[in-house]
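Letters go in sequence order (proteins before strands), and every chain restarts at 1.
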Amino acid sequence: MLDINFIRENPDIVRENIRKKFQDYKLPLVDEVLSLDKKRRELQQEGDTRRADRNRLAKQIGTLMREGKKAEAEEVKALSKANNERVTEIESESAEVETALKKAMALIPNIIADDVPIGKDDSENVQGETFLKAEPKPFEVPYHLDILESLNGIDLDSARRTSGNGFYYLTGDIARLHSAVLTYARDFMIDKGFTYCIPPFMIRSEVVSGVMSFEEMEGMMYKIEGEDLYLIGTSEHSMIGRFMGQTLPESALPQTLTSYSPCFRKEKGAHGLEERGIYRIHQFEKQEMIVLCKPEQSDEWYEKMWRYTVELFTSMEIPVRQLICCSGDLADLKYKSCDIEAWSPRQGKYFEVGSCSNLTDAQARRLGIRYKNEKTGRNEFVHTLNNTVVAPPRMLIAFLENHLQADGSVYIPEVLRKYMGGKDKIRIK
RNA sequence: GCAGAGAUGGCGGAGUGGUCGAACGCGCACGACUCGAAAUCGUGUUACGUAGGAAUACGUACGGGGGUUCGAAUCCCUCUCUCUGCGCCA
């Protein structure tokens with residue numbers, strides 16, 4: 001969500017930004033917003049005047065009543081009543097205009113960063129840096145489910161019986177590896193100075209509609225029956241929700257937090273071979289990082305954050321690359337975003353294991369997250385950023401493929417061994 | 001889950017239909033006093049929106065939403081949260 005003042009003063013920049021994102025059908029929204037904004041201010045001015053009258057008349061009535069001038073008071077009452085009818089009219093009209101304005105504003109995308117590559121869709125995303133050498137294996141790498149089964153690490157049949165498609169039982173060393181990765185990632189982020197946080201796994205509808213659009217909500221969120229609660233799709237939801245409507249002292253910034261949570265997603269409309277197994281599921285676990293900072297610091301944090309994920313993966317000896325999100329593939333709230341992709345020796349390509357975004361003040365404006373700028377004395381919106389540290393079920397695919405040995409065992413990199421009871425390998429049963 | 005009490009500014013805490021954006025105290029800022037400080041005294045000190053170059057003016061907000069009234073922090077309904085007691089439970 002952009003600042004209305006910004007749209008008013010820079011409509012051409014807003015239009016240009018819409019074109020860069022190949023959303024030309026949204027161009028009329030700019031004029032719509034400008035005219036609704038004008039209407040809104042007119043209504044506010046008339047409303048304010050009328051309300052001022054109402055206050056003045058009410059005071060007069062009070063004075064007259066105290067002086068015992070009942071008849072005169074009744075006359076003013078009638079006057080006030082007529083005025084109030086108009087106030088009510090204006091108020092309902094304002095509410096309509098306000099709603100329409102908010103709706104249109106929500107559809108206008110955030111201004112994207114200058115260095116975002118221009119492109120229509122995900123096919124035009126741009127490879128950034130690569131890390132570690134991505135090589136094919138000297139033997140055929142099976143599908144991750146087959147590796148998991150050969151290690152006795154998964155039971156999908158039972159999961160389908162108990163919960164349906166999109167759930168899993170992880171067992172034995174694989175389950176332990178899953179936890180080891182999360183624990184290692186947690187400690188990794190704590191060592192980077194982040195504060196570890198376990199948030200609520202359910203949030204109220206008020207928070208849900210704050211952190212995502214209605215469409216996203218429909219496609220992702222599970223609702224608890226009979227309660228005003230939803231299962232979170234990512235800990236970002238409860239982590240950002242934590243700051244809704246808050247004004248932080250400048251000294252509290254930056255907030256650098258790393259959170260653990262299970263994530264629940266409906267994943268409506270997800271199909272395809274590569275999404276079989278544990279690539280896309282209804283329930284998974286994730287270590288996340290979020291940062292709330294002053295506007296001038298968000299570019300720097302963005303760079304740091306995606307590089308932390310890269311460092312985490314390379315420390316586990318998994319080749320990764322940065323894939324820079326092009327303008328057309330960037331969600332509307334985002335200023336800049338990139339995916340971290342891990343190498344799949346089986347497919348001979350990289351696949352997404354995490355996503356890092358700088359939302360500048362767009363999310364903060366929507367949620368009312370401010371800080372008091374000590375220099376100007378004014379309350380300003382913070383910048384918010386989020387990034388996946390690691391989501392083990394999906395990262396396990398990369399892990400297994402990259403660390404599979406010719407004899408069918410799976411190598412455990414040094415950094416994880418202390419979380420695996422000292423083991424350096426997971427062997428076939 | 002049941003019963004009772006409560007939610008007011010950065011904090012504590014008055015206020016139970018009009019003169020309340022809100023007494024009083026603390027904190028904070030500035031000034032006076034002082035060589036300097038403490039103490040003391042004085043002045044100021046919520047946020048958001050609209051108009052304005054600005055000073056400022058007007059409006060809105062006393063947990064959220066709705067209602068009664070010419071007028072609501074105050075009365076009614078509802079939701080959320082907190083405290084106390086009981087019950088239940090890792």
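Between A:Asn5 and the phosphate of B:rG49, there is no side-chain N or O to OP1/OP2 separation shorter than 4.0 Å. For the pair A:Arg40 and B:rU50, the criterion of a side-chain N or O lying under 4.0 Å from OP1 or OP2 is met. Taking 4.0 angstrom as the limit, A:Arg41 places none of its side-chain polar atoms (N or O) nearer than this to OP1 or OP2 of B:rG59. Proximity of A:Arg54 to the phosphate of B:rU60: a side-chain N or O atom is located under 4.0 Å from OP1 or OP2. Remark: A:Asn55 is in phosphate contact with B:rU60, judged by side-chain N or O atoms under 4.0 Å from OP1 or OP2. Dashed line: the shortest gap from a side-chain N or O of A:Lys59 to OP1 or OP2 of B:rG18 is not under 4.0 Å. Put simply, A:Arg56 has no side-chain N or O that comes within less than 4.0 Å of OP1 or OP2 on B:rU19.
Going from atom NZ of A:Lys372 over to atom P of B:rC28 covers 15 Å, rounded to whole Å. Following rounding to the nearest Å, A:Leu43 (CG) and B:rU50 (P) show an atom-to-atom distance of 14 Å. For the pair A:Glu91 CD and B:rU60 P, the computed distance is 9 Å after rounding to whole Å. We find that CD1 of A:Ile90 is positioned 12 Å from P of B:rU60, with the value rounded to whole Å. Look at CD on A:Glu98: it is 10 Å from P on B:rU50, rounded to the nearest Å. Rounded to whole Å, the distance from CG on A:Asn84 to P on B:rC70 is 8 Å. To the nearest angstrom, P of B:rA47 lies 9 Å from CZ of A:Arg378. Taking atom CG of A:Asp53 as the reference point, atom P of B:rG71 lies 14 Å away to the nearest angstrom.
Base pairing analysis places B:rU68 opposite nothing; no Watson-Crick or G-U wobble pair with both distances below 3.5 Å involves it. Nucleotide B:rC58 forms a pair with B:rG49, judged by Watson-Crick or G-U wobble geometry with both contacts under 3.5 Å. Nucleotide B:rA90 forms a pair with no other nucleotide shown, judged by Watson-Crick or G-U wobble geometry with both contacts under 3.5 Å. B:rA37: no Watson-Crick or G-U partner with both key distances under 3.5 Å is found in any strand. With both pairing distances under 3.5 Å, B:rG42 is matched to B:rC30 as a Watson-Crick or G-U wobble pair. When both pairing distances are held under 3.5 Å, B:rA14 makes no Watson-Crick or G-U pair with any nucleotide shown. In this structure, B:rA22 forms no base pair with any nucleotide, since neither Watson-Crick nor G-U wobble geometry is met with both distances under 3.5 Å. As the counterpart of B:rU82, B:rA5 is assigned, both hydrogen-bonding distances of the Watson-Crick or G-U wobble pattern falling under 3.5 Å.
As judged by a 4.0 angstrom heavy-atom cut-off over every strand, A:Arg365 is placed among residues making no nucleic acid contact. Contact annotation for A:Asp228: no contact, since no heavy-atom pair falls under 4.0 Å across all strands. When heavy atoms are screened at a 4.0 angstrom cut-off, A:Leu57 is found touching no nucleic acid atom at all. Across all strands shown, A:Arg66 has heavy atoms under 4.0 Å from base atoms, whether or not it also approaches the sugar-phosphate. Nucleic acid contact for A:Gln44: base, since at least one base atom lies under 4.0 Å from a heavy atom of the residue.
For A:Arg204, taking side-chain heavy atoms from C-beta onward, the closest of the listed nucleotides B:rC70, B:rC81, B:rU60 is B:rC81. Nearest nucleotide to the side chain of A:Ala58, out of B:rA51, B:rG18, B:rG59: B:rG18.
B:rC75 sits 8 Å from B:rG17 when the P atoms are compared, rounded to a whole Å. Here the separation of B:rG71 from B:rU60, taken at their C1' atoms, is 16 Å to the nearest Å. Remark: the separation of the C1' atoms in B:rA23 and B:rG12 is 14 Å, to the nearest Å. B:rG10 and B:rU84: their C1' atoms are spaced 28 Å apart (whole Å). Rounded to a whole angstrom, the distance from the P atom of B:rG44 to that of B:rG85 is 45 Å. For the C1' atoms, the distance linking B:rG21 with B:rU8 amounts to 11 Å, nearest Å. Taking atom P in both B:rU68 and B:rG52, the straight-line distance is 36 Å, to the nearest Å. The same atom, C1', is picked in B:rC11 and in B:rC28; the two are 11 Å apart, to the nearest Å.
The nearest heavy atom of RNA chain B to A:Arg8 and to A:Ala52 marks one nucleotide each, and the one closer to the 5' end goes with A:Arg8. Mapping A:Asn379 and A:Lys77 onto RNA chain B via the closest heavy atom, the residue that lands nearer the 5' end is A:Asn379.
In this structure, the side chain of A:Arg265 engages the main chain of A:Gly233 through a donor-acceptor pair within 3.5 Å.
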Requested in this report: Output, in order, the C-alpha distance, side-chain angles, deciding distance and verdict of salt bridge (charged side-chain N to carboxylate O under 4.0 Å, His left out) for A:Asp24 and A:Arg19.
Outcome: CA-CA 6 Å; A:Asp24 290 28; A:Arg19 280 191 207 99; 5.1 Å; no
**Report entry** Criterion salt bridge (charged side-chain N to carboxylate O under 4.0 Å, His left out) on A:Glu218 and A:Lys266, from CA distance to verdict
**Finding:** CA-CA 9 Å; A:Glu218 275 297 292; A:Lys266 284 186 181 169; 5.7 Å; no
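Checked against a 6.0 Å centroid threshold, the rings of A:Phe167 and A:His282 count as neighbours.
Residue A:Glu206 qualifies as open at atom CD: its count of foreign heavy atoms under 6.0 Å is 12 or below.
When all heavy atoms of A:Met221 and A:Leu231 are compared, the pair lying nearest together is CE-O, 3.1 Å.
Taken from NZ in A:Lys336 to OG in A:Ser357, the straight-line distance is 11.5 Å, to the nearest 0.5 Å.
A:Gln23 and A:Asp332 share a donor-acceptor pair across their side chains, judged by distance under 3.5 Å alone.
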